[in-house]
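What follows is a short report on a single structure.
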Amino acid sequence: MGNYRMCLCFTRKFRVTEAEPPSDVKEAFNKYAEDATHMTAEQLRHFLVELQAEGGGTSASEAERIVEQVLQKRRNIAKLISRRTLLTLDDFHHYLFSPDLNPPIRAQVHQDMTAPLSHYYIYTGHNSYLTGNQLSSDCSVVPIIEALKRGVRVVELDIWPNSAQDNVHVLHGRTLTTPVELIKCLKSIKEHAFSESPYPVIITLEDHLTPNLQAKVAQMLIETFEDMLFYPESDFLKEFPSPEQLKYRIIISTKPPQEYRKAQTANRKGDDLHKSEEEDLLGKEPSELNTDEHEEDDDTSDSDSSEDNNGGNIGGLSSPGAHEYKHLIAIHARKPKGGLKEVLKIELNKVRRLSLSEQALEKAAESYGTDIVRFTQKNILRVYPKGTRFNSSNYKPLIGWMHGAQMVAFNMQGYGRSLWLMQGMFRANGGCGYVKKPDFVMKNLDNQVFDPKANLPVKKTLKVKVYMGDGWHLDFKHTHFDLYSPPDFYTRVGIAGVPADEIMKQTKKKEDIWTPSWEEEFTFQLKVPELALLRVEVHEHDLSEKDDFGGQTCFPISELEQGIRAVPLFDRKGNKYNSIRLLMRFQFI
């Protein structure tokens, strides 16, 4: 009998009750249904235009289509034969709480895609071929394919001679990473490049090859990509083409081989051969940049200085095929000469790419913030993780975006909050991998370049209301959070952006319930809303251990649809849960 009672208690505690619609949803239904028990398509249209701020663009036929979709999801086809086109309160709530019908951001490309590439933030991978850590993980085509399927548009490949010096391998040089053949990587890129986005894929090659092998790479590229490969019309582009012009094209970016290379002096130190770019730049100006010691990250594969590693062959373009290789390079990565101020000078008839580590950018930004912004208005800046991130972790991407850096390169296998921000940024513009930079980063207002360090006034205020959540009982086992009772969920809501805008707030925890209802509102004052990302995390309170993770999402404030919206949540890796979602309201005041 005792066992029987325990079983009954267990069943009672794990029963999932369906939460009632929040009071705001009931009030909206009553208002627009004019206190009737059903809402018509025309009344729904008024709700969408007024409360959801969708403007006059919502037609009567669109409202009717929504009603039909809701009824189709709520009832089987047989019950639709009656052709009832009215929504009950529960139907209305179901519609609002359906991410596929009522998402928080648009799923379509909606920005102008005809500006030069330098006008966009571009979804960029770092060491795209690594399956795990930077020192000993396998190199594979799998992470490349996964990145492309997520909409990543810049793939980085480190290319080295194989042991026989007759073929090309992709691996992280001077580590224990196991190689993968370059041709396999190229074929995978061709197959999956445009599965998620039609806009161009840029392959950044970190080249450690002899001229003969460079010629071999040129042949591979031409034969693999054929008409997809973009050939620049001249040795140097005066301006980058637009994403629209480059749809379904593959673009190569690397350092061009030196046509006239003088023999290296015999007494040049071996260490100097592998000196990273930021050491060249920042070592010359220690007083200005507040650094009087060597950079920690001696990651030569990222530093645009790999021209020094042409297999020890100092002959430059000794192979005719290497001329072809040079001709394929559309975005030239240039090794800087002199200090950073010199490097950031704008060349009138030539655009190029510069790479800086996260540390180098931070130090450069202290003294040259506006120079970096001005440089990125025409040229491309790539930022990459410091070399000591052996575990493939990431850094905060905002410093790069604040300074106009188009390619903020991330380890896509390095899960965590930084990657959530990156994934959130590129949910913008239909997830196409290209997001237009704000006008103030691109245009000099009153002849003044945007200063990321300036103290700016509040420009926009965002009110966020967290109503309720659901779906955990469908996506998790009932014992996942607690063995003997339902979970105790709370939600964290906040902003990632310029330092003055960054903040996190938190709801109260709701105890012992799978469908928590918080109904708490938060206000965020934003100085640079154009670069602000809304962060949402759900956690389950645990008295004895660290709180459990219950889902997360992130998206740009500039993309937010106002009104009551269904917000789908993602796991730690950025994969969308099947059922877990929050009901939230967004208002700009």
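Please read these numbers as outputs of a predicted model, since none were measured by experiment. In what follows, every heavy atom counts, from backbone to side chain, and hydrogens, waters and symmetry copies are set aside.
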query: Salt bridge or not for Asp371 and Lys341, using N-O below 4.0 Å?
result: yes
Identify every side-chain donor-acceptor pair in residues 551-558 under 3.5 Å, counting partners at least two apart or on other chains, and give the distances.
from: Gln552; atom 1: NE2; to: Asp571; atom 2: O; distance (Å): 3.1

query: Can you pull the salt bridge (charged side-chain N to carboxylate O under 4.0 Å, His left out) pairs that have at least one residue in residues 413-431, sequence neighbours excluded?
result: Arg417-Glu537
Partner residues of Gln377 under the side chain to side chain donor-acceptor pair (under 3.5 Å) criterion, sequence neighbours left out: Asn444
task: State which residues pass ring-ring contact (aromatic ring centres under 6.0 Å, His included) with Phe390; sequence neighbours excluded, sorted by chain then number.
output: none
field: With sequence neighbours excluded, residues passing ring-ring contact (aromatic ring centres under 6.0 Å, His included) with Phe426
entry: Tyr123
task: Sequence neighbours left out, what passes side chain to side chain donor-acceptor pair (under 3.5 Å) with Glu196? Give chain and number order.
output: none
message: Let me confirm one number: the OG-CG distance from Ser197 to Asn429, rounded to the nearest 0.5 Å.
response: 9.0 Å
- prompt: With Tyr577, which residues qualify under ring-ring contact (aromatic ring centres under 6.0 Å, His included), at least two apart?
  reply: Phe476
query: Who pairs with Glu191 by salt bridge (Lys or Arg N to Asp or Glu O under 4.0 Å), at least two apart in sequence or on another chain?
result: none
query: Does NZ in Lys527 sit with more than 12 non-hydrogen atoms of other residues, nucleotides or ligands closer than 6.0 Å?
result: yes
Contacts of type salt bridge (Lys or Arg N to Asp or Glu O under 4.0 Å), residue Lys149, not counting sequence neighbours: none
task: Would you please name every residue forming a side chain to side chain donor-acceptor pair (under 3.5 Å) with Gln506, sequence neighbours left out?
output: none
With Asp112 via side chain to side chain donor-acceptor pair (under 3.5 Å) - residues at least two apart: Thr114
message: Whether Glu362 and Lys386 form a salt bridge (side-chain N of Lys/Arg under 4.0 Å from carboxylate O of Asp/Glu) is what I want to check.
response: no
message: Could you work out, with ring-ring contact (aromatic ring centres under 6.0 Å, His included) as the rule, every residue matching Tyr395, not counting sequence neighbours?
response: Phe410
